[in-house]
Amino acid sequence: MTTKTPHIYLFHGTNTWSIRQKTKTWIEVFNKKYGNASSIDIDVSSNAATNLLPLIQNTLSSHTLFSSTSLLRIRGLFSKSCPAAVRDLLIEKLPLCSPTTFVIIEDETIDKRLAIYKLLLSLQKSGTVTIEEFELPTHEKLQTWILSYLKGYGVSIEPIALTLLMEQFDTTGSFENEPDSGMLWHLSSELHKLVHYTGRKTIHHDDVELLVCAPDTAHIFNLIDAILAKQKTKAYTLAHDLVSAAPSQTKSSVVGITSMLRVQFRALLMVKSMKQAHIDDATMAKQLGWNPKRVWVVSKKTSSLTLEQLQRMYRHLLSFEEYIKLNSTPADAGLDILIAQLLG
């Protein structure tokens with residue numbers, strides 16, 4: 001019996017940092033071996049994704065004896081705004097695509113009721129698909145993650161300094177303890193800063209106190225309220241209040257702010273989508289695994305906005321988050337642009 005080798009991968013979970021790092025490594029190795037021209041990256045989380053159908057079809061239909069190796073990275077497949085036509089095409093093509101066509105599907109949250117997930121599950125049993133969930137580390141696992149991250153740079157940390165970091169970042173998140181998928185992005189930025197600005201092989205507690213910019217969740221909620229209410233002056237003021245005054249901390253502050261905004265706007269978008277589908281609060285709380293109070297609070301915040309407006313705002317956040325992590329644009333100026341886009 002021939003053993004099949006996986007060539008389709010579904011990476012999902014709240015630990016979006018680890019998902020992105022794994023995909024990044026995958027793509028770097030692939031591009032080094034086969035060339036950038038063979039690698040395609042698409043986001044299907046909006047209605048505009050229907051324009052990508054020909055590209056998806058052409059990539060997945062190349063299964064002749066002489067077909068070249070290619071990599072297709074798909075983000076947003078399980079988003080509620082992903083067109084059904086995209087999922088239908090993948091359901092048709094994925095079982096038939098060549099083993100030389102590698103597909104990586106990334107999503108923070110998946111819906112196991114969808115036909116596309118059931119297909120991936122069946123293909124996993126046949127050996128052509130690997131499904132891997134990445135959970136956000138907390139408590140001992142987060143501590144291990146911090147030590148491992150620093151070890152990669154040949155750096156250790158004093159126990160008291162590690163305790164300070166854990167106190168600031170070991171949280172299950174916001175809105176009734178919902179995990180904050182942006183936390184690890186923020187923490188990695190702070191650790192990177194500690195490694196490069198201290199220049200020492202051991203991080204001390206005073207380094208953490210001086211350099212680390214901790215999340216300010218309550219302030220983020222006030223910023224979101226100002227944005228939703230179109231209070232421009234207040235929104236700009238609150239945004240810049242969150243940014244560290246120290247020049248060395250500006251970018252990491254903006255990365256943290258953007259990550260926290262994205263997490264909360266994603267919650268707003270999910271609730272608005274379910275409201276529009278006429279799902280009642282009790283059912284919504286059960287499906288999302290939320291406290292009913294959280295559903296009520298988030299639902300109230302979305303009442304003045306349309307689903308299309310929230311989708312547009314969320315896309316701005318996703319684009320900016322990716323951009324600010326990879327580019328050298330002054331972070332505070334970038335934040336002003338982001339707030340202007342969110343205010344519309």
[atom2] on [Y] to [atom1] on [X], rounded to 0.5 Å:
| X | Y | atom1 | atom2 | value |
| --- | --- | --- | --- | --- |
| Ile203 | Ile160 | CD1 | CD1 | 14.5 Å |
| Trp26 | Ile104 | CH2 | CD1 | 5.5 Å |
| Lys112 | Tyr117 | NZ | OH | 4.5 Å |
| Asn31 | Leu71 | CG | CG | 7.5 Å |
| Lys125 | Ile131 | NZ | CD1 | 9.5 Å |
| Thr16 | Asp107 | OG1 | CG | 11.0 Å |

Non-hydrogen side-chain atoms of Arg20 and Trp185 separated by less than 4.5 Å: yes

Is Tyr323 close to Leu338 at the side-chain level, that is, under 4.5 Å between some pair of heavy atoms? no

Expected output: side-chain [X] to main-chain [Y] donor-acceptor under 3.5 Å:
| X | Y | result |
| --- | --- | --- |
| Lys151 | Ile146 | no |
| Ser18 | Phe134 | no |
| Asp207 | His204 | yes |
| Lys80 | Ser273 | no |
| Thr25 | Gln21 | yes |
| Thr237 | Thr233 | yes |
| Ser303 | Lys300 | yes |
| Glu132 | Phe11 | no |
| Ser45 | Ser79 | no |
| Ser61 | Gln57 | yes |

Pro95 and side chain to side chain contact (heavy atoms under 4.5 Å, CB included): which partner among Leu60, Thr128, Val129, Leu119? Leu119

Considering the options Trp17, Trp145, Tyr149, which one meets the side chain to side chain contact (heavy atoms under 4.5 Å, CB included) requirement together with Leu187? Trp145

Run the salt-bridge test on [X] and [Y] with the 4.0 Å N-O cut-off and return the result as yes or no.
| X | Y | result |
| --- | --- | --- |
| Asp41 | Arg75 | yes |
| Lys234 | Asp225 | no |
| Arg262 | Glu108 | yes |
| Arg315 | Asp43 | no |

Count the heavy atoms of every other residue, nucleotide or ligand shown that sit under 6.0 Å from CD of Glu135, and state whether that count exceeds 12. no

Counting heavy atoms not belonging to Lys230, are there more than 12 under 6.0 Å from its NZ? yes

For the residue pair [X] and [Y], confirm or rule out a side-chain donor-acceptor distance under 3.5 Å.
| X | Y | answer |
| --- | --- | --- |
| Thr23 | Glu106 | yes |
| Thr283 | Asp280 | yes |
| Ser156 | Thr202 | yes |

Aromatic contact, Tyr153 with His196 (centres under 6.0 Å): yes

Assigning hydrophobic clusters by single linkage (Ile, Leu, Val, Met, Phe, Trp, Tyr; side-chain heavy-atom cutoff under 4.5 Å), is Tyr197 placed with Val155? yes

Which pair of heavy atoms, one from Leu343 and one from Tyr236, lies closest together, and at what distance? CD1-CE1, 4.1 Å

Of the non-hydrogen atoms in Ala226 and Leu238, which two are nearest, and what is the gap between them? CB-CD1, 4.1 Å

Let's go through Leu147 and Leu162 carefully: what are the C-alpha distance in whole Å and the side-chain angles of both, what is the deciding distance for side chain to side chain contact (heavy atoms under 4.5 Å, CB included) to 0.1 Å, and is it a yes or a no? CA-CA 9 Å; Leu147 293 172; Leu162 179 59; 4.2 Å; yes

